[in-house]
Each structure stands twice: as C-alpha cells, then as structure tokens.
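Everything on this sheet refers to the single structure shown next.
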Amino acid sequence: MINRVHRFHGYGSLARVYRRSSAARGSGVSVRFAARSAGQPARAAVVVSKKVSKSAVTRNRIRRRIYEAVRVQWQPAAPVDLIFTVFDGQLAELPTGQLHQEVANLLQKAGQTGIE
RNA sequence: CCAGAGUAUUGGCUAAUCGCGUGCAUUUCGGUGUACGAGGAAAGUCCGGGCAGCAAAGGGAAAUGGCAGUCGCUAACGGCGACCGGGGGCGACCCUAGGGAAAGUGCCACAGAAACGAAACUACCGCUUCGGCGGCAAAGGUGAAACGAGCGCCCCGGCUUGCCGGGGUUGGGAGUUCGGCGCGAAGGCGCCAACUUCCAAAGGUAAGAGCUCGCAACGUCGCGCGGUGACGCGCGAAGUAGGUAAACCCUGCCUGCUGCAAGGAGAUGGAUUCUUCGGCCCUAAAGGCUAAAGCAUCCCGCUGAGAAUUCAUCACAAAAACCGCUCGAGCCUGUCGGCAACGGCAGGCCUAGAUAGAUGAUUAGCUUCAACAGAACCCGGCUUACAGAUACUCUGGCACU
RNA sequence: UGGGGAUUCGCCAAGUGGUAAGGCACUGGUUUCUGGUACCAGCAUUCGGGGGUUCGAAUCCCUCAUCCCCAG
C-alpha cells in the first residue's frame, strides 16, 4: 500500500480523472493518467472490478500486488493522477518479476520515470 | 491389522529488510519510538436479539406471516440438550416439518363394478317363465390405495445354512351326529361346532402338505402401577376402519414498521444558572458500610467535570470531517451444581475498527510449499465451502496371547 | 448494505399436483429440371443442481448455484 497522501480521497476527484485523461493499455492492466496543478501531491489508484474475479480474496491480492509494484518503482517527478484498471484475473498468479515489468512499462507510457 | 461410528483441536511457522492502518508517548509539527492488526466459517443473509428512529395513552381483538412430541437451557429463537414415539443399520450409531383425517370442505388422473359410501364385473351356490332374480364376499381381475394386523404352522425359491424373499393357512352346497344353544305344548324347526363328501380358489415342474394356537391392533370411555411429562406396562366395557393438512382448514403458541447509508450533532472561545455525581446492601426511597476529582483542619469558597440557556468569531460545500464504533448476553483458567445444553463463584486478560477502504514484497531456513476463503454496528444460532494434520472414545471382523 | 424477480428443446415460450402444448430453427420424405414455397413425419436421457412430502412433483417444502433488476 502506498502512503496516504498519494491516494485518492472522495468520489469527485476520480470522476474528474476519468473525464479528462489519456490512456495506455498493457496486457491485463491499463492506466489512465492526467496532470494536476502544481503544488499538489501525485496520486495513484487501482481499480479491480467484480467482473475480474468473484472472490474478494483474489481481488484484494491483485490490488495489493499492483500497489506494491507502483510503490517500489514509482518516483513521481511532477503532480499527476494515475488510475490502474485491471481487466484480467490472471494477474493474481503472475510471477512478481513479470508483474513489475508490466507496471514499469505502463509508467513509462504515462511519462513517468522509474526509480531504478 | 482391516472396515467403520462419534467427538474435539488445528488451518503454515521462524528471522531480517522495505511498506500500510489504528491506539499511546514524544516532537524542532517534517517526523520518531512503541504496542496491536481478519475467520472458523469473516460467506449465504435463513432465523432470533441488542441498539436506533417512527407509530401506539394503556390494554385487547382481528388480519397477515410463522412454529408444532415432552421436559429443560437461553436475553431470545424456527437454535441447543436430554428423553418419548416412529424408521434404518449385525453393531458403535444415524435419520425424523413428530398436533388434529371418528369437526367440516376439497382432491385421489389412468385403470377398475366400485375411490369412501356404499355397492358387486368375473366366479361360486340356489331359483327360473332362460330375460333374469336372490344369496355369498373366500378367490380372480384393476390400481399407489378396495377390511386390515401379529405369533405359530405349511409350501416354494435363493444363498453366506440360518437367515432373506414370495405365497398359503380359505369360501360355498349337501349329508351325518347319545354334540352345544335357542324357540315351541309336542312332532319338530333355526343357529353354531365337528366330521364325511362335492364344487370353487391359491401355490408348485410334479408330488406332498393344506393343520393348530392364542388372541392381538386401533380410537373412545372407565381404572391400576411407574414417570415432572411425552409415554410405558397391565385390566375392563361396548365398538370401529382408506389416503392426503410441505390442500383449504381446526387447535395451541409467537408476531407493530423500518433498519448504522438507522440515527445524532455545526466547530472554537466566553458568560450566567443548576448539580457534586463512585462501589456494595436495598424493588425503590430513606438509611447504613466502604469511602470521597483536586486545594483547604472544618465551613464558606475556588478549580475541574456534567447539563441547560445565551453571546462572539469562523463555516454554510460535500456521498467531506465528527459521534454512533467497539468492554461485550466478551475471552481464558480453575472450581462447584447438572446426564447434558447450560448456570454460579474466584482469578486473570483487553483482542481490528478502516471510510476508494489497512496484512503486501524480497531473502534464508523448516523432509511436507500450505484448503475454503477477507471484518464494515454488534452478538446468539442455522446453512453452505474446506487440502491436509492431530487427539480421544466406541463398534464389527480376522490373527495372536 | 438492504430488498425483489427469473431459470422448461439450439431460440421464443404455455403449463400452478395426474402422459411436458405451440411456434421458429434442425433432420428425413413428397411435390419441382433445381432451389424456395406448400404438405407429411421426426426431434425434451434429468423442466438449473441436490434432498424431502406424496401413490404420483416442472408445479408443494428445504437447500445450493447462476443471471437480472431496484433503493441509497
């Protein structure tokens, strides 16, 4: 889990990102990104719908693993909003190296630089 | 050892690093330190409560919905325990929506003569004007069901050789009797029983056997004994017969509606008034005991805390933030009572509380790479999912001693 | 979180205790030189799964699964 200041709070801010954002698509997960005004902290969210898996345990595992991959590899340079949307339940069992590579690719497409 | 029955426990662990949530402490307000951090089902939302709001003066009735052996347990329950009745298993044990069908109504297709209130298709016996009429109700046939059931006995079939399955043990006519009972004055007549014989019928390849015994069951009424009771054991009287209430219904008991997204509350600071609050005994009050938020020997008083009213500043937007929100019919250990469910007492413990929603990642080790699965107001149950491991008790069989 | 509904042949569906109607599609046949049309015939092993009540269950009861809808 990432730090509280880098999470979303409230419903309107998420809807705002959905309205005015660009998208990048990977295999299993895609990302929508939009710039924020200067001085605000960068934020990220992970969305796993019930269609991906009916089990709450599986959905939680996917969400936590992606949050962890983002936390390790993301060094936000400029204020930005990121929303990761999962559409493949296989991510719960994907090896950690592949999952991190996937997230790194998406961060790169969104114009973010990895920490390594 | 093999095959089973029941109950209970467990549900990956250890170390290191990075990271997250909450409480507490500290702070130079950036943070730092420390403690704790999903389940037995957190699930389904099927029942019962707490709590909250609305309604209702209080009480009762009806409707609606639910429940259904008895006694208990429980805050309560449709839950649990023990027992009773019924069914299954060689047994340990398991299953059981288990009130009422002699209150009423409905339904019981097809088949069948007939489906519940009496009747008679075939057959049998008698009579006959040969059209039929009367008697009998064993048997055949139809069907899930058409007056049953139990013990004994007989026959057939099967095998594991003493068990299982199927069927029978009957009806009618005539005759006989130092036989019994009833009617009649009597000759005699009627009924019953036994025997002989004829007809019919079942079963079986065929033959043989084809008989004997006691009555039981059920509801009603009246009793005796045992049990808190359901009920069990036994006796007597006069009697009786289909099923279905997870069909309507009847009887007894329970039942207001909505649900934490309930609901509450602007925040901070000041002023005025009131209260001085704990624990135990006690229905409560009074009173008593322990003893007392701080200062003060005591009173007055001051501070603190709580409630109400009021003033100022800020805010007036939101699915934001706050309260409700986790100490509770709580958990653990011991002991006592009880067959048990459970209850009493003593000691100890604090064990998630988020709000886009906290448990993840990496490395190393453990012979085994670990099932079902993620709290959202909280409890008691039920139901459903669950890899594997462990403990205890018991049953049947085999072998050995 | 709470509440409501549905599931019958490949598709649409009737049936509410007594042999699972019907239409489309499909298969075979007849008619035609061929195709279509028309006509005839066929097509439900288990009525979502499991258990129970009943002589008998798609229907009644319990339980599970899947799908859809509604409130905030």
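Residue numbers start from 1 in every chain, and the chains themselves are labelled A, B, ... in the order their sequence lines are given, proteins ahead of strands. These numbers come from the heavy atoms of this one structure, side chains and all, not from hydrogens, waters or symmetry mates. Computed from a predicted structure; not experimentally measured.
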(message) Suppose we define a pair by two distances each less than 3.5 Å, Watson-Crick or G-U wobble; what does rU333(B) pair with here?
(response) rA346(B)
(request) Give one of base, sugar-phosphate or nothing for Ala56(A), where a contact means two heavy atoms less than 4.0 Å apart. (result) sugar-phosphate
(request) Choose from rG357(B), rA373(B), rG19(B) the nucleotide whose nearest atom is closest to any side-chain atom of Arg71(A). (result) rG19(B)
(request) Send over the distance from Asn60(A) CG to rA43(B) P, rounded to a whole Å. (result) 14 Å
(message) Taking only the C1' atom of each, what is the distance from rC221(B) to rC249(B) in whole angstrom?
(response) 28 Å
(message) If you assign Val47(A) and Thr58(A) each to the RNA chain B nucleotide with the nearest heavy atom, which residue ends up on the more 5' nucleotide?
(response) Val47(A)
(request) Can you tell me the pairing partner of rA118(B) across any strand shown, Watson-Crick or G-U wobble, with both distances under 3.5 angstrom? (result) none
(message) Using the P atom as the point on both nucleotides, what is the distance between rA115(B) and rA120(B), in whole Å?
(response) 13 Å
(request) For Arg59(A), report the nucleic acid contact type (base, sugar-phosphate, nothing); a contact means any heavy atom under 4.0 Å. (result) nothing
(request) Just label rG396(B) as syn or anti from its O4'-C1'-N9-C4 or O4'-C1'-N1-C2 angle, using within 90° of 0 for syn. (result) anti
(message) Suppose we screen for salt bridge (charged side-chain N to carboxylate O under 4.0 Å, His left out). Which residues come up paired with Glu102(A), at least two apart in sequence or across chains?
(response) none
(message) Syn if the chi torsion is within 90° of 0, anti otherwise; quick check, which is rU128(B)?
(response) anti
(request) Output yes when at least one side-chain N/O atom of Tyr67(A) is less than 4.0 Å from OP1 or OP2 of rG21(B), else no. (result) no
(message) Do the side chains of Arg71(A) and Glu68(A) get close enough for a salt bridge, i.e. N-O under 4.0 angstrom?
(response) yes
(request) Write down the distance separating the C1' atoms in rU393(B) and rG91(B), rounded off to the nearest Å. (result) 16 Å
(message) So if I take every side-chain heavy atom of Thr96(A) and compare against rA373(B), rA358(B), rA361(B), which nucleotide ends up nearest?
(response) rA361(B)
(request) Quick one: pull up CH2 in Trp74(A) and CG in Leu107(A) and give me the separation to the nearest 0.5 Å. (result) 8.0 Å
(request) Go through the structure and list residues passing side-chain hydrogen bond (donor to acceptor under 3.5 Å, both in side chains) with Gln101(A), not counting sequence neighbours. (result) Asn105(A)
Distances under 3.5 Å only, N/O to N/O: pair up the protein atoms with those of nucleotides 39-41 of chain B.
none

(request) Report yes if a donor N or O on one partner sits less than 3.5 Å from an acceptor N or O on the other, where the partners are the side chain of Arg63(A) and the base of rG360(B); otherwise report no. (result) no
(message) How many whole angstroms separate atom CZ of Arg7(A) from atom C1' of rG357(B)?
(response) 8 Å
(message) Looking at rU297(B), which nucleotide sits across from it as a Watson-Crick or G-U wobble partner, both distances under 3.5 angstrom, or is there none?
(response) none
(message) In this structure, how many angstroms lie between the P atom of rG360(B) and the CZ atom of Arg64(A), rounded?
(response) 6 Å
(message) Suppose we define a pair by two distances each less than 3.5 Å, Watson-Crick or G-U wobble; what does rA354(B) pair with here?
(response) none
(request) Using a 4.5 Å cut-off on heavy atoms from C-beta on, say whether the side chain of Phe84(A) contacts that of Val70(A). (result) yes
(request) Specify the glycosidic conformation (syn or anti) of rG21(B), with syn defined as within 90° of 0. (result) anti
(request) Let me know, please, whether Ala45(A) or Gly97(A) comes out on the 5' side of the other along RNA chain B by nearest nucleotide. (result) Ala45(A)
(message) I'd like the C1' distance from rG232(B) over to rC83(B), given in whole Å.
(response) 13 Å
(message) If the glycosidic angle sits within 90 degrees of zero it is syn, else anti. Tell me which applies to rC147(B).
(response) syn
(message) Can you tell me the base-pairing partner of rA38(C)? Count Watson-Crick or G-U wobble geometry only, both distances below 3.5 Å, and say none if there is no partner.
(response) rU30(C)
(message) Between rC121(B) and rC133(B), how far apart are the two P atoms, rounded to whole Å?
(response) 9 Å
(message) Between rA354(B) and rC336(B), how far apart are the two P atoms, rounded to whole Å?
(response) 44 Å
(request) Under the side-chain hydrogen bond (donor to acceptor under 3.5 Å, both in side chains) rule, collect the residues that match up with Arg32(A), sequence neighbours excluded. (result) Ser21(A)
(request) Check the distance between rU17(B)'s C1' and Glu68(A)'s CD and give it to me in whole angstrom. (result) 12 Å
(message) Taking rU53(C) as the reference, what is the distance to rG243(B) when you measure between their C1' atoms (whole Å, please)?
(response) 14 Å
(request) Can you tell me the distance, in whole Å, between the CZ atom of Arg61(A) and the P atom of rC20(B)? (result) 22 Å
(message) Using the P atom as the point on both nucleotides, what is the distance between rU1(C) and rC260(B), in whole Å?
(response) 11 Å
(message) Within 90° of 0 counts as syn, otherwise anti: where does rA38(B) fall?
(response) syn
(request) Could you please name the partner base of rG234(B), counting Watson-Crick and G-U wobble pairs only when both distances are under 3.5 Å? (result) rC223(B)
(message) Going by purine N1 to pyrimidine N3 plus the second Watson-Crick contact, or the G-U wobble pair, all under 3.5 Å, which nucleotide sits opposite rU205(B)?
(response) none
(message) Rounded to whole Å, how long is the line connecting atom CD1 of Ile2(A) with atom P of rC20(B)?
(response) 10 Å
(request) Scan every strand shown for a Watson-Crick or G-U wobble partner of rU268(B), both distances under 3.5 Å, and answer none if you come up empty. (result) rA312(B)
(message) Under the rule for salt bridge (charged side-chain N to carboxylate O under 4.0 Å, His left out), what residues qualify as partners of Arg61(A), not counting sequence neighbours?
(response) none
(request) State, with a plain yes or no, whether a side-chain heavy atom of Ile62(A) is found less than 4.5 Å away from one of Asn60(A). (result) no
(request) Find the distance Gln73(A):CD to rA361(B):C1' and express it as a whole number of Å. (result) 11 Å
(request) Check whether any side-chain heavy atom of Ile83(A) sits under 4.5 Å from a side-chain heavy atom of Val47(A), and report yes or no. (result) yes
(request) Just jot down the side chain to side chain contact (heavy atoms under 4.5 Å, CB included) partners of Arg25(A), sequence neighbours excluded, or say none. (result) Ser30(A), Phe87(A)
(message) Can you measure His6(A) atom NE2 to rC20(B) atom C1' for me and round it to whole angstrom units?
(response) 13 Å
